[in-house]
Amino acid sequence: MRATALLERHRALGARMVEFAGWEMPLQYSGIVEEHRAVRGRAGVFDLSHMGELHVRGAEAGAALAYALVTDPPALAVRRAHYSMICAPDGGVIDDLIVYRLAADHFLVVANAGNAAVVADELRARLAGFDAALDDASLRTSLVAIQGPRAVGVLTPLTDVDLGALRYYAIAEGHVAGIPALVARTGYTGEDGFECFVDWEAGIPVFDALLAAGLPQGVIPAGLGARDTLRLEAGMPLYGNELGRDTTPFDAGLGRVVKLSKPGDFVGRAALAAAQERGRSKALVGLVVRGRGIARHGYPVFRAGSVEAVGSVTSGTQSPTLGEPIAMAYVPADATEAGTMLEIGIRESRVPAEVVPLPFYHRPA
Amino acid sequence: MDVREGLLYTDDHEWLRVEGDTGVVGITAYAAEQLGDVVFVELPQVGRTLERAEAFGVVESVKAVSDLFAPVPGQVLEVNGELNAHPELIDSDPYGQGWIMRIRIADEGATTELKDAAAYRALIGA
């Protein structure tokens with residue numbers, strides 16, 4: 001099992017450590033609900049160093065990524081980012097990604113920890129024939145995030161990056177606590193926040209500096225448990241739950257990510273064009289449980305009164321913000337309208353659940 | 001870690017307080033802490049007959065689902081309905097207001113298979 005540079009910090013902070021995607025990671029420190037509320041109301045500091053950081057450099061780096069991914073990275077302005085996916089030739093999702101353009105000929109692709117090696121291998125293969133080279137920096141890059149409404153106030157005095165000018169889905173090179181860093185205004189919580197990419201060992205002083213500066217403002221460390229409940233409230237997909245090899249971006253309601261209009265071929269184009277043409281057989285929806293029980297990953301979904309399951313819960317929890325059980329599920333494409341009543345099989349019971357628009361939570365304007 | 005003298009314990013972290021031929025059942029402070037943030041409790045039907053170690057209910061935290069197992073065989077006499085509205089009582093007071101059910105103990109001999117406080121402390125390394 002791998003550990004991030006921050007392992008001893010997590011232990012010293014009393015974290016409960018768990019294995020996640022081959023990494024020993026903090027599930028929680030003070031408690032999932034407390035950490036969740038801190039991020040919604042103040043801010044939380046996360047160690048995300050398990051994520052994969054893949055640099056693609058070369059004169060044809062943009063063209064190579066346009067071939068390898070479903071988005072159009074050459075259309076990105078320098079220092080901007082977008083959400084992307086890498087798909088198999090059959091249109092199934094290999095991983096969802098954030099692509100940052102650091103320079104005309106330099107992109108940073110951030111992959112999920114559990115898929116980083118597969119994505120690196122796929123990218124390396126797909127880059128062949130282009131003037132572009134892959135550099136897997138995952139094991140020499142620490143990623144420390146601060147997320148929440150107070151993130152900007154805590155980070156501002158620690159950095160020379162002009163955060164006021166750093167837009168959502170933008171990235172800048174500078175320093176955090178005097179340490180060279182890439183600072184991105186991205187995240188996975190539904191809140192404003194920043195992700196700081198630094199050298200491996202530098203993760204420790206950056207994490208310490210953010211926590212120390214945030215302490216007087218109620219900022220606390222937050223683990224993977226809160227990260228999961230935060231992203232679920234924000235309606236963001238998690239690979240392995242909402243996304244997988246048997247799912248197309250269209251199934252997940254993320255067809256807008258696929259740029260079929262971009263020039264040139266890309267891996268999965270034919271299958272994805274056909275999938276768009278065909279229309280969805282299943283669709284991802286938000287559900288609020290209207291009876292007693294909490295829907296969990298893998299629980300069956302029924303039409304009211306039906307014998308056979310028609311779908312499956314992909315993620316579910318008790319929403320700390322809403323105070324009711326929420327879930328995402330794949331259901332037939334004709335059962336996606338808000339207000340549709342379905343049933344979830346929770347152990348021996350059928351519990352009513354209502355289709356609601358995603359996301360469950362919008363941050364206050 | 002809070003382990004109470006005078007209670008009997010299962011390896012699955014339920015406690016039993018014997019009161020005559022009945023017993024009160026809950027989960028230990030250790031179990032509550034391991035679960036964290038209890039947000040839902042599924043209670044058994046009053047009148048249901050339970051075998052020893054039979055799953056009789058569920059405690060859920062934000063992250064996890066955990067079955068509850070009967071420490072001794074018996075019939076459910078009463079359940080703590082307060083937990084429907086306030087499952088967090090299991091976190092805040094696992095040996096008191098967080099009690100889960102009272103059962104009529106069908107076989108007093110079954111209590112000899114349970115751990116006392118010292119043995120339970122050893123189990124959890126407390």
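Here the structure is a predicted model, which means the values were calculated and not measured. Residue numbering restarts at 1 for every chain, and letters A, B, ... go by the order of the sequence lines.
- Heavy atoms of other residues, nucleotides or ligands lying less than 6.0 angstrom from CD of A:Q217 number more than 12.
- The residue among B:V65, B:N84, B:V39 with the most heavy atom pairs within less than 4.5 Å of chain A is B:N84.
- Scored by the side chain to side chain contact (heavy atoms under 4.5 Å, CB included) test, B:D107 finds B:P73, B:A110 as partners (sequence neighbours excluded).
- Only the backbone of B:V41 comes within contact range of chain A, judged by heavy atoms closer than 4.5 Å.
- Neither the backbone nor the side chain of B:A55 comes within less than 4.5 Å of any heavy atom of chain A.
- Because its NZ or CZ atom is not both nearer than 6.0 Å to the ring centre of A:F207 and within 45° of the ring axis, A:R9 does not count as a cation-pi partner of that residue.
- Looking only at distances, no side-chain donor or acceptor of A:D95 sits under 3.5 Å from a matching main-chain atom of A:A116.
- By number of non-hydrogen pairs under 4.5 angstrom with chain B, the leading residue of A:Q28, A:R292, A:E34 is A:R292.
- Of the residues considered (A:I32, A:D228, A:T229, A:L27), A:I32 shows the highest number of contacts with chain B, using heavy-atom pairs under 4.5 Å.
- In this structure, the side chain of A:Q147 engages the main chain of A:T186 through a donor-acceptor pair within 3.5 Å.
- Using a 4.5 Å cut-off between heavy atoms, A:R347 touches chain B through its side chain atoms alone.
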